[in-house]
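Reviewing the structure listed below.
Remember, it's 1-based here, ligands and their atoms both numbered in the order they're listed. Please read these numbers as outputs of a predicted model, since none were measured by experiment.
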Amino acid sequence: MSERRRIYEGKAKILYEGPTPGTLVQHFKDDATAFNNEKHGTIEGKGVLNNRISEYIFTRLEEIGVATHFIKPLNMREQLIKEVEIIPLEVVVRNIAAGSIVKRLGLEEGKSLDRPLVEFYYKNDDLGDPLIGEEHIAAFEWASRGEVDDMVAVALRVNDFLSGMFGAVNIRLVDFKVEFGRHWEGDVVQVLLADEISPDNCRLWDMTSGEKLDKDRFRHDLGDVLEGYQDVAKRLGLFSSISPTKPVLVS
Ligand code: UDP
């Protein structure tokens, strides 16, 4: 088989050229990083779980009319996506105070916010992804005002949908990060939800015990990282329990 052309390699994913123009293959790795690359690790099986969880979430979002880059699953670690020009922003939605906002504003972790908070960070590793405001986005032309309005609306819609979806399986959606990209079809450009949505970029707490089931397990050495991700996949019905010792992901 001829070697596929690698378009981009990030911390947790690789993008390869897709089978047809305008498509890419998104490959999920087992690598994990935290604290702006200061901490590195490999969590065997994480890529398989994130591929499946993200595929499930993007499919559900498409069903309610959210336009995403997802086309179809390919294999255990890969999915076919539409090629987009990534907008250099991380859009974070918070329902409960945790992580960087706790430190920045001196809040108590776990405090419910009166309403969901949407924040923008400028995607730039050298600068440590700084928090920015909408005026910076306009001033430096990272996105148009219309695109910002669309991103906020979609991010809040995703938050409502995911809060319900996770709530139904006794998981609290504390916060999450999404990214968007521009997709051209001829002269028409559309902003699509891109990247991934998985326990790598959400905070997910068990509603009863408060147990953390997400990447904070890796960030803060809280215990078996994969087990948390597997628990999320199981609760979403993405695991078949053919064998209790060797669970198999269902498609
Ligand atoms: N997040 C992410 N990638 C980043 C930064 C944050 O996926 O580069 C996610 C993170 O997992 C959490 C949310 O965005 O669900 C808010 O993260 P926060 O700003 O609290 O930063 P952290 O303290 O996690 O670095």
Side-chain angles (χ1 to χ4, degrees), residues 8-13 26 28-41 43 46-47 49-51 53-54 57-58 68-69 86-113 115-133 136 142 151-152 154-156 158-163 165-167 171-181 193-206 210-222 225-226 228-229 231-232:
Y8 168 83
E9 179 153 5
K11 294 165 213 155
K13 293 188 293 293
Q26 179 162 254
F28 288 74
K29 302 193 286 185
D30 287 340
D31 298 346
T33 62
F35 310 121
N36 200 30
N37 266 328
E38 271 172 39
K39 181 170 177 162
H40 288 255
I43 303 155
K46 174 177 82 82
L49 284 161
N50 281 356
N51 180 39
I53 293 169
S54 194
I57 291 175
F58 274 66
T68 82
H69 72 163
I86 287 287
I87 296 173
L89 301 170
E90 300 196 335
V91 184
V92 167
V93 183
R94 300 180 187 276
N95 300 304
I96 292 170
S100 66
I101 198 172
V102 164
K103 286 200 202 115
R104 193 181 318 117
L105 303 180
L107 305 177
E108 185 193 334
E109 186 188 65
K111 180 187 167 12
S112 283
L113 304 174
R115 57 165 114 167
L117 200 57
V118 181
E119 295 175 336
F120 291 98
Y121 294 82
Y122 177 45
K123 249 171 87 77
N124 184 315
D125 282 344
D126 294 341
L127 302 176
D129 299 340
L131 176 68
I132 51 162
H136 298 85
W142 291 319
M151 287 188 282
V152 170
V154 171
L156 288 172
V158 170
N159 185 48
D160 282 347
F161 182 78
L162 292 187
S163 293
M165 187 191 87
F166 283 120
I171 292 175
R172 197 178 305 284
L173 178 63
V174 173
D175 58 31
F176 64 95
K177 183 265 298 184
V178 283
E179 294 183 24
F180 293 88
L193 185 70
D195 194 50
E196 66 172 295
I197 300 180
S198 73
D200 264 7
N201 38 46
C202 299
R203 283 198 170 87
L204 302 168
W205 295 354
D206 181 89
E211 188 187 10
K212 295 176 178 172
L213 306 172
D214 55 70
K215 195 169 151 186
D216 272 350
R217 286 190 179 214
F218 170 74
R219 289 189 187 97
H220 305 296
D221 300 316
L222 300 178
V225 181
L226 198 72
Y229 287 41
D231 193 353
V232 173

Check each atom of ligand 1 against the heavy atoms of Asp129 and keep those under 4.0 Å away; list them by number with element. 8 (O)
Just to check, does Arg219 reach to within less than 4.0 Å of ligand 1 when the distance is taken from its heavy atoms? yes
Out of curiosity, is Asp200 lining ligand 1, as in a heavy atom under 4.0 Å away? yes
Quick one: which of Leu127, Leu89, Leu131 gives a side-chain contact (heavy atoms from CB on, under 4.5 Å) with Tyr121? Leu131
With side chains defined as the heavy atoms from C-beta onward, is the minimum distance between Met165 and Ile57 less than 4.5 Å? yes
heavy-atom search around atom 3 (N) of ligand 1 in the protein gives Lys177 CE, 3.5 Å
What residue and heavy atom of the protein are closest to atom 8 (O) of ligand 1, and at what distance? Glu90 OE1, 3.2 Å
Counting non-hydrogen protein atoms only, what is the nearest one to atom 15 (O) of ligand 1? Give residue, atom name and distance. Asp175 OD1, 2.6 Å
In ligand 1, which numbered atoms sit nearer than 4.0 Å to a non-hydrogen atom of Cys202? 15 (O)
With side chains defined as the heavy atoms from C-beta onward, is the minimum distance between Ser198 and Phe28 less than 4.5 Å? no
Starting from atom 17 (O) of ligand 1, find the nearest protein heavy-atom neighbour and note its residue, name and distance. Arg203 NH1, 3.6 Å
Under 3.5 Å, N or O to N or O, is Arg104 touching ligand 1 that way? no
Parallel, tilted or perpendicular: which describes the rings of Phe58 and His69, with under 30° parallel and over 60° perpendicular? tilted
Atom 20 (O) of ligand 1: the protein heavy-atom neighbour that sits closest, reported with distance to 0.1 Å: Ser100 N, 2.8 Å
Take every heavy atom of Tyr121, measure it against each atom of ligand 1, and state whether any distance is under 4.0 Å. yes
I'd like to know if atom 13 (C) of ligand 1 has any protein heavy atom within a distance of less than 4.0 Å. yes
List every atom of ligand 1 that sits less than 4.0 Å from any heavy atom of Arg94, numbering the atoms from 1 in the order shown and giving each element. 16 (C), 18 (P), 19 (O), 20 (O)
Do Asp200 and Lys11 meet the salt-bridge criterion of a basic N to acidic O distance under 4.0 Å? no
Side-chain (Asp30) to main-chain (Lys46) donor-acceptor, under 3.5 angstrom: yes
Could you tell me if the side chain of Asp175 sits less than 4.5 Å from the side chain of Glu119, heavy atoms only? no
Numbered atoms and elements of ligand 1 in range of Gly99, under 4.0 angstrom, heavy atoms: 20 (O), 23 (O)
Compute the minimum heavy-atom distance from Lys103 to ligand 1 and say whether it is under 4.0 Å. no
For atom 7 (O) of ligand 1, the closest protein heavy atom turns out to be Asn201 CB, 2.9 Å
Looking only at side chains, do Ser112 and Arg172 share a donor and an acceptor under 3.5 Å apart? no
Near Ala98, which atoms of ligand 1 are under 4.0 Å from a heavy atom of that residue? 20 (O)
